[in-house]
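What follows is a set of notes on a single structure, which appears directly below.
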Amino acid sequence: NFIVRMRRRDDSIIWVSISSRLVRDESGNIICLEGRLEDITARKQTQEALRRSEEMFSRLFHLSPDMIAVARQSDGTLLEINEAFSRFTGYTREESIGRTTLELDIFATPARRQEFADTLLRETLAENFAFDIRHRDGRILNCSASARLLQVNQEPCILSITRDITHLKTMQEIIDIAKAKSATTGRTITVYPEVENPYWNNAQARANGCGSGAHPFEDALLKLVRDNNLNSKTAPIFVQSFDPASLKYLRKAGMKAKGV
């Protein structure tokens with residue numbers, strides 16, 4: 001099973017597995033060399049494609065700004081986490097692997113964890129499930145998670161991707177404050193949400209299952225505008241973006257509020 005690359009007559013390169021042995025006569029003299037050559041090019045190509053796929057997944061897993069974790073389905077034991085998990089929770093990889101999220105006391109409301117697990121086991125997929133995470137220092141983060149069941153080394157596991165949506169809740173809080181101040185002071189207070197880096201945020205949303213289509217980030221903002229009855233030219237809001245294409249999409253999608 002000695003593996004080498006060989007050049008064919010047509011100059012194409014193939015991978016070959018060689019197995020051979022010396023053949024001797026009764027006196028121990030070498031008579032010949034016999035062996036077998038097997039073309040394993042297809043197998044090597046499959047292995048290389050798998051290696052590249054695993055490498056790409058590993059990069060996405062560890063570089064994602066969202067919290068990603070793989071847990072054993074039977075007992076919830078964490079098998080792998082990314083760096084964002086540690087940032088979100090305050091627990092290092094060494095402190096997390098081999099423990100459950102209950103043991104780490106991550107869920108601010110443990111009952112929501114059970115609801116999340118029940119939904120996942122019933123439907124094999126959970127999307128945009130809202131709950132609060134408790135950081136190690138006591139801070140509470142508003143989060144949205146998507147998860148699915150999958151096999152890892154023939155063991156049933158859960159892959160979960162959790163996004164910090166505290167800023168979206170904060171945007172709602174800002175709108176609420178502006179409305180309340182407008183009512184108490186008699187002055188119209190305008191809010192200025194910014195569509196920051198839409199290409200990056202849209203790509204991350206799609207990659208991590210948080211929304212669909214080409215513009216999930218803008219779609220979320222437009223929903224926020226509509227839900228607060230701010231989608232009109234006279235509404236006290238200016239939607240800002242340094243990307244004209246983002247504003248054009250919002251207009252096409254039905255945004256009537258002022259944009260700049």
Side-chain angles (χ1 to χ4, degrees), residues 64-68 84-85 87-90 106-109 112 115-116 126-135 137-147 160-260:
S64 172
D66 294 327
M67 182 170 80
I68 305 179
F85 184 100
R87 291 197 305 271
F88 276 39
T89 66
I106 290 174
F107 280 77
T109 306
R112 289 295 284 167
E115 292 176 26
F116 184 53
E127 292 186 295
N128 301 320
F129 191 89
F131 60 90
D132 293 339
I133 281 181
R134 179 185 293 106
H135 191 277
D137 62 11
R139 285 183 290 123
I140 300 297
L141 302 177
N142 307 131
C143 296
S144 175
S146 296
S160 63
I161 301 172
T162 303
R163 168 161 292 191
D164 180 4
I165 60 171
T166 306
H167 61 289
L168 292 180
K169 293 254 181 149
T170 301
M171 183 62 208
Q172 181 61 61
E173 291 169 357
I174 291 173
I175 292 174
D176 292 342
I177 292 172
K179 287 181 178 180
K181 288 292 185 181
S182 295
T184 57
T185 64
R187 299 166 53 195
T188 300
I189 298 175
T190 301
V191 293
Y192 287 78
E194 180 181 348
V195 185
E196 183 179 354
N197 201 348
Y199 286 108
W200 167 259
N201 282 294
N202 282 321
Q204 288 301 305
R206 289 191 299 272
N208 294 304
C210 301
S212 59
H215 299 271
F217 182 57
E218 288 96 335
D219 291 341
L221 176 61
L222 184 54
K223 183 178 185 302
L224 190 68
V225 171
R226 285 171 169 162
D227 289 348
N228 285 277
N229 297 317
L230 294 172
N231 194 30
S232 69
K233 292 181 179 180
T234 58
I237 185 172
F238 273 95
V239 177
Q240 303 178 92
S241 178
F242 289 103
D243 179 13
S246 181
L247 289 175
K248 288 179 180 178
Y249 169 78
L250 285 167
R251 290 292 184 211
K252 186 176 180 180
M255 188 185 78
K256 300 176 183 178
K258 295 181 288 292
V260 59

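Here, residue 1 is the first one in the sequence, and each next residue gets the next number.
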Using the side-chain contact (heavy atoms from CB on, under 4.5 Å) criterion, which residues pair with [X]? Sequence neighbours excluded.
X: F242; answer: E194
X: D164; answer: F88, L141, T166
X: K181; answer: I177, T184, I189
X: F116; answer: A126, F129, A145, A147

[X] versus [Y]: any side-chain heavy-atom pair under 4.5 Å?
X: D219; Y: K223; answer: no
X: N228; Y: I237; answer: no
X: T89; Y: M67; answer: yes
X: L230; Y: P236; answer: yes

Calculate, to the nearest 0.5 Å, the distance between atoms [atom1] and [atom2] belonging to [X] and [Y] respectively.
X: I68; Y: S146; atom1: CD1; atom2: OG; answer: 11.5 Å
X: F85; Y: I106; atom1: CZ; atom2: CD1; answer: 3.5 Å
X: I165; Y: F131; atom1: CD1; atom2: CZ; answer: 9.0 Å
X: K258; Y: S232; atom1: NZ; atom2: OG; answer: 7.0 Å

ask   = Between N128 and R163, does a side-chain contact (heavy atoms from CB on, under 4.5 Å) hold up when you go through it step by step?
value = CA-CA 9 Å; N128 301 320; R163 168 161 292 191; over 6 Å; no
Residues pairing under salt bridge (Lys or Arg N to Asp or Glu O under 4.0 Å) where one sits in residues 233-256, two or more places apart or in two chains, turn out to be none
Would you sort out whether V225 and L250 count as a side-chain contact (heavy atoms from CB on, under 4.5 Å), showing the intermediate values? CA-CA 11 Å; V225 171; L250 285 167; over 6 Å; no
Tell me, please, which residues at least two apart from [X] pass side chain to side chain donor-acceptor pair (under 3.5 Å).
X: S246; answer: E218
X: N229; answer: none
X: R87; answer: none

Q | Donor-acceptor under 3.5 Å (S182 side chain, R187 main chain) | A | yes
request  = Without swapping roles, check the side chain of N231 against the backbone of G254 for a donor-acceptor pair under 3.5 Å.
outcome  = yes
So ring-ring contact (aromatic ring centres under 6.0 Å, His included) across residues 171-191, not counting sequence neighbours, yields none
Those residues at least two apart in sequence (or on a different chain) that pass salt bridge (Lys or Arg N to Asp or Glu O under 4.0 Å) with D132 are none
